[in-house]
Amino acid sequence: MGETTFEPIRQPRRLWLRMLYLIGASYLLDSVLLGLFAMSGALAGWVPLAYAGAALAWCAVFYALMASGLSERFVDGNLTLAKLVSAVALQLAFIVLAPAAALYFVCVLFIVFAFASLRLPLREALAACVGVALALALILARTPAAFHLMHDTALQRVLVGVSIVLTLARCTLLGLYNTFLRTQLARLHAQDRVSLDENARRALEMAVALHEDLGQELAGVALLLAASAGRLERDGHPGAPEVSEAVAHLRSAVAKTRVLADEARAVPHGGALARRPG
């Protein structure tokens, strides 16, 4: 029983942390690719190091919030909007700081939105898209060269192609992970249905026991006592009123038992037992 009551709290946190591990792995891949671009001479050496440090700090902050349970004090325990805004701000900052790799960071924005779209409501997603579009338009207006494609050497052209392919691959894997999550949720839902059916079965058994077993026995005892009370009253026995009062209380108990049985039958539940006629 303890495991059942604890699992609904532990399971979402485990899934959220698993998603954070995937995000961290994605940032690590980005840092490696940026390091290769720096080795090709397209970027300054500090760019991949700074990016890796900023990404590590981002992951550490959200891991601390979620692993400690502090994130569950908010309406969205996954902090989806906060993750999206901060991750977008990180990419936009590096577009400004390292304009030579601006298109790469734009590609990362697709991955950021792909991660966020797994949990982000439609209205917030649309607002984020509009905000990013305006920010990119402003950057492009002030720094047109920021969106220059790195293709001066064969290595740079290969790295650009690899970056695009890996962006598509990560977005595809996120779609597959979303499918996996839906499957997991369907499994958990099926387990809940089994629990509901078990509760329904117990409720029906209790209703039968109350109505057909205990209720019938109490009704039989009430009939016997009523007959005894009648004989005692005809004989003028002084205890006849007390027996009659006991019969009244017993009949009241029978009525209450039937009410409880009807309430047990009316317990809402799902599955096959929910469709079982009363």
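This chain uses plain numbering: 1 for the first residue, then up along the sequence.
Qualifying side chain to side chain contact (heavy atoms under 4.5 Å, CB included) partners for Ala64, counting only residues two or more places apart in sequence or in other chains: none. The side chain to side chain contact (heavy atoms under 4.5 Å, CB included) check on Leu70 picks up Leu65, Ser68, Arg73, with sequence neighbours excluded. Scanning for ring-ring contact (aromatic ring centres under 6.0 Å, His included) contacts around Phe94 gives Tyr51, Phe105, with sequence neighbours left out.
In this structure, Val96 is a member of the same hydrophobic cluster as Leu34, with clusters built from ILVMFWY side-chain heavy atoms closer than 4.5 Å. Val61 and Leu90 fall within the same hydrophobic cluster, defined by Ile, Leu, Val, Met, Phe, Trp and Tyr side-chain heavy atoms under 4.5 Å apart, directly or through other members. Following chains of ILVMFWY side-chain contacts shorter than 4.5 Å, one can reach Val85 starting from Phe110, so the two form part of one hydrophobic cluster. By the criterion of side-chain heavy atoms lying less than 4.5 angstrom apart, applied directly or through intervening Ile, Leu, Val, Met, Phe, Trp or Tyr residues, Leu28 is not grouped with Val47; the two fall into different hydrophobic clusters. Tracing side-chain contacts under 4.5 Å through hydrophobic residues (I, L, V, M, F, W, Y), one reaches Met19 starting from Phe74; they form part of the same cluster.
Annotation: side chain of Ile23 is not in contact with side chain of Phe62 (no heavy-atom distance under 4.5 Å). Counting heavy atoms from C-beta on, the side chains of Lys83 and Met66 come closer than 4.5 Å. The shortest side-chain heavy-atom distance between Leu126 and Val130 does not fall under the 4.5 Å cut-off.
When hydrophobic residues (I, L, V, M, F, W, Y) are linked wherever their side-chain heavy atoms come within less than 4.5 Å, Leu49 remains an isolated member.
Under the side-chain hydrogen bond (donor to acceptor under 3.5 Å, both in side chains) criterion, the residue pairs touching residues 24-39 are Ser26-Arg170, Asp30-Tyr104, Asp30-Arg170, with sequence neighbours excluded. Sorted by first then second residue, the side-chain hydrogen bond (donor to acceptor under 3.5 Å, both in side chains) pairs that include residues 57-66, not counting sequence neighbours, are Trp58-Ser86.
In plain terms, the two heavy atoms of Gly35 and Pro48 that are nearest each other are N-CB, 3.6 Å.
Atom-to-atom distance recorded for Leu84:CG and Leu79:CG is 12.0 Å, nearest 0.5 angstrom.
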Show me the donor-acceptor pairs within less than 3.5 Å that the side chains of residues 39-46 make with the rest of the protein, sequence neighbours left out.
unit_1 : atom_1 : unit_2 : atom_2 : d
Ser40  : OG     : Phe37  : O      : 2.6

